[in-house]
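Since the structure comes first, as structure tokens, the remarks are kept for the end.
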Amino acid sequence: MLDHGAGRRAGQHEGGETFSKFWKFLLRKNLPLDILSQMEYAVFGLGDSSYVKFNYPAKKLYKRLSQLGARSLVPRGDADDQHYLGVDGTLDPWLGSLWVAILERHPLPSGLSIIPADTLFPPSFRLRFLREEDRGTVMEKEIEDGFTVRVMRNERVTAEDHFQDVRHVELEVVEGGNVR
């Protein structure tokens, strides 16, 4: 079972509404201790070690699934917002070990291989930049083999003196397009 939303972080040690309902079910006293014996699972907690109950929902979930007979694919992962690389400092190595475990149990069919992490895929859309004199205006642009969109909103969200120009852009499909 891989459910990235079951134990989302919410404050000191709560798991959120989705986790709470699932957790109440798992805590039922009448559950057989082997009810999950056919299940393999992986748990990765998102947390902040500055909290007393660091990754508490993930720790509880990991332990309870094991108590009910499920088998962990990999050791529990505990992300820490305080890590110098943030969540990625523990997530990337944990995901690597998870993929190894999954592929050991479920190898790829003959002739298929893992796509290398540094592979760049062709774009699913193309952008054509506006001329300087067109900035800030509502415009329609048509792209060959594409569809027409209207720029409804194009606002800078970073401060003017910030080195990056990050924008909030809203587009509306005008004609001929199924939004993909």
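Every residue was checked against the side-chain hydrogen bond (donor to acceptor under 3.5 Å, both in side chains) condition with Glu104, not counting sequence neighbours, and none meets it. Scanning for salt bridge (Lys or Arg N to Asp or Glu O under 4.0 Å) contacts around Asp78 gives Arg76, with sequence neighbours left out.
Taking every heavy atom of both residues into account, Val74 and Ser97 meet most closely at CG1-O, 3.5 Å. Shown here for Leu68 and Pro32, the closest heavy-atom pair between the two residues is CD2-O, 3.8 Å. The heavy-atom pair separating Gly45 from Ala58 by the smallest distance is CA-CB, 3.5 Å. Taking every heavy atom of both residues into account, Ala79 and Leu46 meet most closely at CB-CD2, 3.9 Å.
Listed for the Asp80 side chain is a donor-acceptor partner under 3.5 Å among the backbone atoms of Ser49. In this structure, the side chain of Trp94 does not engage the main chain of Gly89 through any donor-acceptor pair within 3.5 Å. Asn154 places no side-chain N or O within 3.5 Å of a backbone atom of Arg167 that could act as its donor or acceptor partner. Between the Thr158 side chain and the Gln164 main chain, a donor and an acceptor come within less than 3.5 Å of each other.
In terms of hydrophobic clustering, with Ile, Leu, Val, Met, Phe, Trp and Tyr side chains grouped at heavy-atom distances under 4.5 Å, Phe44 and Val100 are assigned to different clusters. Follow the hydrophobic side-chain contacts under 4.5 Å out from Leu112 and you never reach Ile102; the two are in separate clusters. By the rule that hydrophobic residues join a cluster once side-chain heavy atoms approach within less than 4.5 Å of another member, Leu36 and Leu27 end up as members of one cluster. When hydrophobic clusters are built by joining Ile, Leu, Val, Met, Phe, Trp and Tyr residues whose side-chain heavy atoms come closer than 4.5 Å, directly or via intermediates, Leu103 is not grouped with Leu98. Note on Ile114 and Trp99: separate hydrophobic clusters, where clusters join Ile, Leu, Val, Met, Phe, Trp and Tyr whose side-chain heavy atoms are under 4.5 Å apart, directly or indirectly.
For Leu108, the CG atom counts as densely surrounded, since its 6.0 Å shell holds more than 12 non-hydrogen atoms of other residues, nucleotides or ligands. Surrounding CD of Gln38 are at most 12 heavy atoms belonging to other residues, nucleotides or ligands under 6.0 Å away.
Separating the CG atom in Leu65 from the CD atom in Glu40 is a distance of 12.5 Å, to the nearest 0.5 Å. Annotation: the span from Glu170 atom CD to Met152 atom CE amounts to 8.0 Å, rounded to 0.5 Å. Here the CG atom belonging to Asp88 is positioned 9.0 Å from the CG atom belonging to Leu95, to the nearest 0.5 angstrom.
Within the structure, side chain to side chain donor-acceptor pair (under 3.5 Å) pairs that include any residue of residues 64-73 comprise Tyr62-Ser72, Arg64-Gln67 (at least two apart or interchain).
Put simply, the side chain of Phe121 reaches to within 4.5 Å of the side chain of Ile115, judged on heavy atoms.
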